[in-house]
Asks: 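I have a structure here, written as structure tokens, and I will follow up with some questions on it.
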There are 2 protein chains.
Amino acid sequence: MKKSITLKELSKILKVSISTVSKALNDSYEISEITKKRVREAAKEYNYKPNRTAMNLKSGRVNTIGVILPSLKNFFLARVLRGIENVIAKTDYNIIISITNESHEKEVQSVLSLANGFVEAIIIAVSEETQVLQDYSHLENVKDKVHLLMFDRVVNTIPCDKVLVDDYDAVLNAVKELQFNGRKNIALTSTINNLSVGKLRIKGYTDAINEYHKPIIIEGTVEVIKKALREKLKEESIDAIIALDEEASLASFKVGKKEKLLDNGKISLIGYAGKTISENLTPSLTTINQHGKKIGRTAAKMILNKLKNENEKPEEIIIKSTLYNRETTRIKE
Amino acid sequence: MKKSITLKELSKILKVSISTVSKALNDSYEISEITKKRVREAAKEYNYKPNRTAMNLKSGRVNTIGVILPSLKNFFLARVLRGIENVIAKTDYNIIISITNESHEKEVQSVLSLANGFVEAIIIAVSEETQVLQDYSHLENVKDKVHLLMFDRVVNTIPCDKVLVDDYDAVLNAVKELQFNGRKNIALTSTINNLSVGKLRIKGYTDAINEYHKPIIIEGTVEVIKKALREKLKEESIDAIIALDEEASLASFKVGKKEKLLDNGKISLIGYAGKTISENLTPSLTTINQHGKKIGRTAAKMILNKLKNENEKPEEIIIKSTLYNRETTRIKE
DNA sequence: TTGAAAGCGGTACCAT
DNA sequence: ATGGTACCGCTTTCAA
């Protein structure tokens with residue numbers, strides 16, 4: 001690959017000093033118009049572009065923000081990323097993205113590597129494994145070197161910017177709405193029992209059903225949920241399901257569909273899932289919308305603000321979820 | 001933010017020269033074991049980490065690959081990205097991602113900026129606007145500075161690595177399959193008439209139906225497609241639809257569903273859409289799978305190979321699509 | 001108005 | 001075995 005021409009080479013061609021060329025290109029008042037013109041023309045002719053690495057080294061900045069995500073499969077995280085991208089694209093910062101695939105090891109590696117001169121700030125949703133292991137030393141390690149912002153799955157013990165989802169309230173309210181609509185025996189399905197957000201959501205559920213009936217909680221992989229749910233539907237008189245994530249939502253949907261309980265409204269279903277899929281299912285799926293894009297935008301703005309005003313103290317913002325009522329809660333028996 | 005300690009500072013603390021510290025940390029044979037030990041311990045104590053920017057400047061390399069995508073909404077592109085990530089994660093390269101939102105201007109900016117010292121290679125699917133304008137000068141510009149790989153939407157006139165989809169064949173075969181199953185009047189819907197891949201797919205369609213009936217091509221936005229399709233369904237005796245992208249697929253699906261033509265197999269439907277949504281629709285959607293992840297993996301491997309062997313000549317690989325038969329082509333009248 | 005030189009944080013060659 | 005120094009490409013201060 002051809003390398004770009006450097007200031008030095010350009011200065012040799014023009015038979016002036018390096019500093020003259022540099023100043024001319026930066027439109028310094030010290031340089032005569034005539035020289036500036038000569039230099040600019042030569043720069044154009046030889047397609048001179050300043051070397052980023054050199055400028056970064058000189059300035060001590062890299063103008064880059066790291067985004068560490070557990071997965072891109074997850075529609076919510078993908079939307080958050082788009083929100084972040086949206087805001088950052090308008091600035092002179094760049095984004096570098098790392099996907100951990102829910103692996104703690106990969107996350108540690110990414111965090112340390114990015115924090116080490118690659119980026120000035122990190123926006124992260126920690127991986128499932130990290131939350132299980134509760135090992136946050138890598139984040140502790142870097143929190144003085146780069147600005148840190150956690151969203152969705154956060155670590156409470158680390159003081160830093162946070163953008164949170166109102167998991168507890170969202171599920172509590174969703175369940176209450178089911179109850180308000182006459183549902184008396186509500187089951188819960190989840191594949192994210194390991195996540196902090198999953199736990200908060202379950203708390204919302206148990207608190208909501210508290211005085212009415214005993215909890216029916218079905219956690220595990222998609223297959224486990226399908227099997228267990230099918231059985232529970234036979235044993236107990238379940239008339240509604242709340243699903244805590246997309247996988248659980250679709251698993252519950254499939255079972256409900258197969259057992260012929262959804263199309264006729266014998267059970268209601270509220271889930272977490274992307275808009276496209278929720279709208280296109282038959283019946284369409286009522287969901288709790290976390291406003292991923294807004295979360296991303298908020299996170300990006302917060303971190304830009306910290307980058308600008310070095311000494312501001314950590315903030316914490318909660319983005320409220322919204323219930324999107326669709327057919328799975330609208331069909332009456 | 002606290003800055004990392006530098007070699008210089010460390011050398012001052014240890015009262016040895018900078019070069020000694022550098023060599024010790026790099027385990028040079030020139031340094032005595034005892035000094036190495038001292039240095040290593042101090043490095044650990046002060047949490048010394050070499051400055052990436054400095055090393056990059058010194059080595060003239062940045063170990064980063066840029067990925068430029070038109071959108072992340074697109075399930076196919078998201079999967080390609082995961083494929084790329086998958087392969088690159090196993091190397092010491094980093095990925096920097098830029099989303100153009102189908103804008104030519106953003107693409108030009110991204111390409112030039114990334115090529116200018118940010119990355120050593122660029123993997124790109126050009127934006128819709130770029131294909132409409134047919135302005136590829138930014139790519140011409142950088143193709144000697146960084147390794148370039150285009151996938152999916154490629155520019156034929158630029159010689160560089162390419163990973164292609166067999167758009168023409170895939171649609172041709174899909175239509176033939178519909179015909180083999182007795183479908184006699186096949187319509188086509190598409191929101192990607194601006195894209196090279198969209199055009200190739202239409203060619204596949206027209207060549208397939210060629211001798212049998214005149215083409216019924218419905219192009220435009222989702223709303224346009226819905227309206228036009230509804231009308232065409234009334235006028236003409238359409239018994240099958242092929243949709244060229246996810247939006248067109250879902251629009252066609254919705255119309256077919258509403259007109260009660262899908263559940264009873266009065267029309268067949270083949271589309272392009274992600275696995276999750278296709279499987280969960282009722283009836284489930286037969287799709288042409290482009291194997292996005294494989295495309296991503298292939299692209300990443302190709303570019304890594306070029307990075308390793310500077311002088312290899314450009315390659316071109318075609319990844320064959322596969323028809324996934326689901327209910328929209330299985331239900332018989 | 002121009003240029004020399006120091007410095008950003010490393011590596012590596014050459015002396016000592 | 002250790003240290004001095006040049007260099008990567010740029011900016012910036014200071015001197016001419």
Side-chain angles (χ1 to χ4, degrees), chain A residues 1-40 42-43 46-64 92 113 115-120 145, chain B residues 1-40 42-43 46-64 92 113 115-120 145:
Chain A
M1 294 288 103
K2 234 188 294 180
K3 282 204 160 192
S4 257
I5 192 172
T6 66
L7 271 193
K8 197 193 212 172
E9 293 163 327
L10 211 52
S11 74
K12 205 165 280 170
I13 292 170
L14 289 164
K15 299 198 192 308
V16 292
S17 76
I18 298 177
S19 26
T20 303
V21 181
S22 170
K23 286 172 186 167
L25 291 174
N26 288 313
D27 201 25
S28 161
Y29 66 95
E30 300 175 79
I31 305 297
S32 70
E33 271 313 317
I34 176 108
T35 308
K36 280 186 192 171
K37 188 153 177 279
R38 271 189 69 219
V39 172
R40 276 198 282 257
Y46 292 96
N47 193 24
Y48 168 78
K49 297 273 185 259
N51 177 310
R52 278 208 112 85
T53 311
M55 308 206 32
N56 287 344
L57 179 60
K58 185 68 194 165
S59 70
R61 306 185 51 233
V62 286
N63 267 40
T64 306
D92 59 346
S113 149
N116 183 38
F118 241 112
V119 302
E120 282 142 52
K145 294 184 67 173
Chain B
M1 295 287 104
K2 236 187 293 181
K3 281 206 162 191
S4 256
I5 192 172
T6 66
L7 270 193
K8 198 193 213 176
E9 292 162 329
L10 211 51
S11 76
K12 206 165 277 172
I13 293 170
L14 288 165
K15 301 198 191 308
V16 291
S17 77
I18 297 178
S19 26
T20 303
V21 180
S22 171
K23 285 172 187 167
L25 290 173
N26 287 313
D27 201 24
S28 160
Y29 66 95
E30 301 177 79
I31 305 298
S32 69
E33 271 313 316
I34 177 106
T35 307
K36 280 185 191 170
K37 190 154 173 279
R38 272 187 70 217
V39 173
R40 276 197 281 255
Y46 292 96
N47 193 25
Y48 167 80
K49 297 273 188 264
N51 177 309
R52 282 205 108 87
T53 312
M55 314 247 307
N56 287 345
L57 179 59
K58 185 67 190 167
S59 70
R61 306 185 50 231
V62 286
N63 269 41
T64 305
D92 58 345
S113 149
N116 184 36
F118 242 112
V119 303
E120 284 142 49
K145 293 184 68 172

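A quick note: this is a predicted structure, and the numbers were derived from the prediction, not measured. By convention in this document, chain letters (A, B, ...) are assigned in the order of the sequence lines, proteins followed by strands, and residues within each chain are numbered from 1.
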Asks: Let me know the distance between CG of L14(B) and C1' of dT2(D), rounded to the nearest Å.
Replies: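 My rounded result for the distance is 13 Å.
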Asks: Checking T64(B) side chain against V62(B) main chain: does a donor-acceptor pair fall under 3.5 Å?
Replies: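 Yes.
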Asks: For T6(A), which contact category applies under a 4.0 Å heavy-atom criterion: base, sugar-phosphate, or nothing?
Replies: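 Sugar-phosphate contact only - T6(A) comes under 4.0 Å of backbone atoms but never of a base.
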Asks: Looking at every strand, decide which applies to S32(B) at a 4.0 Å heavy-atom threshold: base, sugar-phosphate, or nothing.
Replies: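 It contacts sugar-phosphate atoms only.
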Asks: Output the single nucleotide from dT12(D), dC10(D), dC7(D) whose closest atom is nearest the side chain of Y48(A).
Replies: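 So the side chain of Y48(A) is nearest to dC10(D).
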Asks: Mind checking if K36(A) touches a base, just sugar-phosphate, or nothing, with heavy atoms under 4.0 Å?
Replies: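 If one applies the 4.0 Å heavy-atom cut-off, K36(A) turns out to touch nothing in the nucleic acid.
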Asks: Please state how far atom CG in L25(A) lies from atom C1' in dG9(D), giving the value in whole angstrom units.
Replies: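 So the two atoms are 13 Å apart, to the nearest Å.
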Asks: Give a yes/no on whether any side-chain N or O of Y29(B) is located under 4.0 angstrom from OP1 or OP2 of dT2(D).
Replies: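 No, because none of the side-chain N or O atoms of Y29(B) sits under 4.0 Å from OP1 or OP2 of dT2(D).
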Asks: Give K23(B) one of three labels, base, sugar-phosphate or nothing, depending on what nucleic acid heavy atoms sit under 4.0 Å from its own.
Replies: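 The residue K23(B) makes base contact.
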Asks: Would you indicate what S22(A) reaches in the nucleic acid, counting non-hydrogen atoms under 4.0 angstrom: base, sugar-phosphate, or nothing?
Replies: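 S22(A): base contact, heavy atoms under 4.0 Å.
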Asks: What's the CE-P distance between M55(A) and dT12(D), to the nearest Å?
Replies: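 So the CE-P distance, M55(A) to dT12(D), works out to 8 Å.
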Asks: Would you find a donor on one side and an acceptor on the other, under 3.5 Å apart, between the side chain of N51(A) and the backbone of T6(A)?
Replies: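 No; zero donor-acceptor contacts below 3.5 Å.
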Asks: Counting just side-chain N and O atoms, does K8(B) come under 4.0 Å of either OP1 or OP2 of dC8(C)?
Replies: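 Answer is yes, contact under 4.0 Å.
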Asks: Take the protein atom CD1 of I34(B) and the nucleotide atom P of dA1(D), then report the distance between them rounded to whole Å.
Replies: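 So the two atoms are 13 Å apart, to the nearest Å.
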Asks: Take the protein atom CD1 of I5(A) and the nucleotide atom P of dG9(D), then report the distance between them rounded to whole Å.
Replies: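 It works out to 12 Å between those atoms.
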Asks: With a 4.0 Å limit, can you tell me whether T20(A) has a side-chain N or O closer than that to the phosphate oxygens OP1/OP2 of dT2(C)?
Replies: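 It does not, given that no N or O in the side chain of T20(A) lies less than 4.0 Å from OP1 or OP2 of dT2(C).
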Asks: Would you indicate which nucleotide in dT11(C), dG9(C), dG3(C) comes nearest to any side-chain atom of L57(B)?
Replies: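 Of the candidates, dG9(C) comes closest.
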Asks: Atom CZ of R52(A) and atom P of dT11(D): how far apart are they, to the nearest Å?
Replies: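 Distance, rounded to whole Å: 12 Å.
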Asks: Do any N or O atoms from the side chain of S22(B) and from the backbone of I18(B) form a donor-acceptor pair under 3.5 angstrom?
Replies: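 Flag not set: sc S22(B) to bb I18(B) has no pair under 3.5 Å.
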Asks: Can you measure from CD1 (I13(B)) to OH (Y46(B)) and round to the nearest 0.5 angstrom?
Replies: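 Reported value, rounded in 0.5 Å steps: 4.0 Å.
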Asks: Any idea which of dC10(D), dT2(D), dC8(D) is nearest the I31(B) side chain?
Replies: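 Given the options dC10(D), dT2(D), dC8(D), the side chain of I31(B) is closest to dT2(D).
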Asks: Could you check whether T35(A) gets within reach of a base, just the sugar-phosphate, or nothing at all, counting any heavy atom under 4.0 Å?
Replies: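 Counting heavy atoms under 4.0 Å across all strands, the contact made by T35(A) is with sugar-phosphate only.
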Asks: Rounding to a whole Å, what distance do you find between D27(B):CG and dA1(D):C1'?
Replies: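 Rounded to whole Å, this separation is 14 Å.
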Asks: Could you please spell out the steps behind the side-chain contact (heavy atoms from CB on, under 4.5 Å) verdict for L25(A) and L7(A)?
Replies: CA-CA 10 Å; L25(A) 291 174; L7(A) 271 193; 4.0 Å; yes
Asks: E30(B) or I18(A): which one's nearest nucleotide on DNA chain D is closer to the 5' end?
Replies: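 That would be E30(B).
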Asks: Establish whether the base of dG7(C) is bridged to the side chain of K58(A) by a donor-acceptor pair shorter than 3.5 Å.
Replies: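 It does, because a donor-acceptor pair links the side chain of K58(A) to the base of dG7(C) below 3.5 Å.
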Asks: Please evaluate residues E33(B) and K36(B) with respect to the criterion side-chain contact (heavy atoms from CB on, under 4.5 Å), reporting the C-alpha separation (whole Å), side-chain torsions for both, the decisive distance (0.1 Å), and the verdict.
Replies: CA-CA 5 Å; E33(B) 271 313 316; K36(B) 280 185 191 170; 3.6 Å; yes
Asks: Any N or O donor-acceptor pair under 3.5 Å from the base of dA4(C) to the side chain of S19(A)?
Replies: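 It does, because a donor-acceptor pair links the side chain of S19(A) to the base of dA4(C) below 3.5 Å.
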Asks: To the nearest Å, give me how far apart CG (N56(B)) and P (dC10(D)) are.
Replies: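 From N56(B) CG to dC10(D) P: 15 Å.
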